[in-house]
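Take a look at the structure set out below.
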Amino acid sequence: VVEALGGIAGFVGADHAYVLTFAPDRTTWSATHEWCGPNVNGEAGRYQRIPFGTLRWSESRLLADEVILLNSPDDYPAEAGEERRKSLREGELSVISVPVRSSAGGVAGCVGVDSHSGAVTWRPEDVVRLRMVADVIGSILERKSAEEALRRHNEFLRTLQEITLDLVSQRDVEHLLGSILERAVRLAGASGGFVDLAEPGQKRLVPTVASGVMTQVARFSVSPREGLTGRVWETGRPLTVADYDSWPGEHPGRIVAWLR
């Protein structure tokens with residue numbers, strides 16, 4: 001993908017090219033691939049999980065399957081003030097972005113090129129060629145996504161088989177829970193995990209096993225409604241928190257500034 005970006009950038013006279021992908025739920029977008037010419041600083045690291053609405057004009061154009069073509073920052077319309085400021089800040093003098101379409105017909109992201117060394121007057125054939133490259137890159141990314149989904153599905157089935165064997169062979173409950181937790185953490189791609197259990201006759205969850213970074217919080221028992229586990233225990237429903245550090249239900253006794 002990066003090689004293809006470099007090829008099309010050189011062909012149309014650009015010195016920077018990138019791929020952005022949209023989250024399936026249209027809440028964020030991220031830079032996944034980038035090619036930089038001489039004297040151009042990479043920006044992909046700064047554009048990860050950017051909320052939709054950050055560059056509202058560009059996002060709406062791309063989602064409508066429209067091309068963004070600008071020969072200079074002065075070509076931005078009045079409603080694209082944030083995009084113009086971004087271009088000036090990052091030294092983008094001329095820009096083209098074309099949508100990447102999925103096989104289902106929706107827009108999955110975009111491929112863009114821009115020039116930092118001098119303004120470029122883009123030609124109609126530049127857009128045609130960039131669309132062709134976007135279609136190829138879209139197919140590559142879609143295939144890789146399908147392969148990754150299949151790999152994760154197979155890993156999930158293998159983990160279930162391993163857990164089933166553990167349930168049959170393991171008699172020590174704590175060791176069994178530790179084994180299940182280890183596999184669950186690996187499957188989720190997490191940095192750690194823990195299991196709290198309700199002791200008979202008690203109205204508190206007691207730490208039982210923990211792994212990775214979560215071993216630091218395994219010392220605290222919780223009551224119903226207290227912290228994340230207390231709320232899950234009370235409601236019987238799963239709960240996800242995007243940023244635990246700023247979540248109002250954070251457990252007051254757990255020091256988890258590193259937890260996300």
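- With hydrogens and angles disregarded, a donor-acceptor distance shorter than 3.5 Å links the side chain of Ser94 to the backbone of Asn71.
- Connectivity analysis of hydrophobic side chains (ILVMFWY, heavy atoms under 4.5 Å, direct or indirect) links Leu88 to nothing; its cluster partners are none.
- Under a 3.5 Å cut-off, the side chain of Glu34 and the backbone N or O of Gly42 do not form any donor-acceptor pair.
- Clustering of Ile, Leu, Val, Met, Phe, Trp and Tyr side chains at separations under 4.5 Å places Val128 together with Met132.
- A salt bridge between Arg204 and Asp196 is absent, with no side-chain N of the basic residue lying under 4.0 Å from a carboxylate O of the acidic one.
- The backbone N or O of Ala23 lies less than 3.5 Å from no partner atom in the side chain of Thr27, so there is not a single donor-acceptor pair.
- In this structure Glu155 satisfies the side-chain contact (heavy atoms from CB on, under 4.5 Å) test together with Arg151, Arg158, Thr159, Arg186, Leu187, sequence neighbours excluded.
- The side-chain hydrogen bond (donor to acceptor under 3.5 Å, both in side chains) test applied to Ser179 returns Asp166, Arg183, not counting sequence neighbours.
- Here the side chain of Thr229 pairs no donor or acceptor atom with the backbone of Gly227 at under 3.5 angstrom.
- When hydrophobic residues (I, L, V, M, F, W, Y) are linked wherever their side-chain heavy atoms come within less than 4.5 Å, the members clustered with Val107 are Tyr18, Leu20, Phe22, Trp29, Tyr47, Ile50, Phe52, Leu55, Trp57, Leu62, Leu63, Ile68, Leu70, Tyr76, Val95.
- Every pair tested for ring pair (Phe, Tyr, Trp, His ring centres under 6.0 Å) that includes a residue from residues 127-149 fails, sequence neighbours excluded, so the list is empty.
- Judged purely by atom type and a 3.5 angstrom limit, Thr235 uses its side chain to pair as donor or acceptor with the backbone of Arg237.
- The side-chain hydrogen bond (donor to acceptor under 3.5 Å, both in side chains) search around Ser117 returns Asp15, not counting sequence neighbours.
- Remark: the backbone N or O of Glu226 is not paired with any side-chain donor or acceptor of Ser223 at under 3.5 angstrom.
- Listed for the Ser221 side chain is no donor-acceptor partner under 3.5 Å among the backbone atoms of Val206.
- The side-chain hydrogen bond (donor to acceptor under 3.5 Å, both in side chains) search around Arg143 returns none, not counting sequence neighbours.
- Residues Glu182 and Ser211 bring no donor and acceptor atom of their side chains to less than 3.5 Å of each other.
- With hydrogens and angles ignored, the 3.5 Å screen pairs no side-chain donor or acceptor of Gln161 with any backbone N or O of Leu157.
- Listed by first and then second residue, the ring pair (Phe, Tyr, Trp, His ring centres under 6.0 Å) pairs involving residues 104-156 are His16-His116 (not counting sequence neighbours).
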**Item:** From CA spacing to verdict: salt bridge (Lys or Arg N to Asp or Glu O under 4.0 Å), Arg46, Glu90
**Value:** CA-CA 12 Å; Arg46 296 177 52 206; Glu90 297 177 4; 3.5 Å; yes
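- In terms of the side-chain hydrogen bond (donor to acceptor under 3.5 Å, both in side chains) criterion, residue partners of Glu92 (sequence neighbours excluded) are, by chain and number, Lys86, Ser87.
- Partners of Arg131 by side-chain contact (heavy atoms from CB on, under 4.5 Å), not counting sequence neighbours, listed by chain and number: Asp65, Val67, Val98, Pro99, Arg101.
- Residues passing the side-chain contact (heavy atoms from CB on, under 4.5 Å) test with Val2 are His33, Trp35, sequence neighbours excluded.
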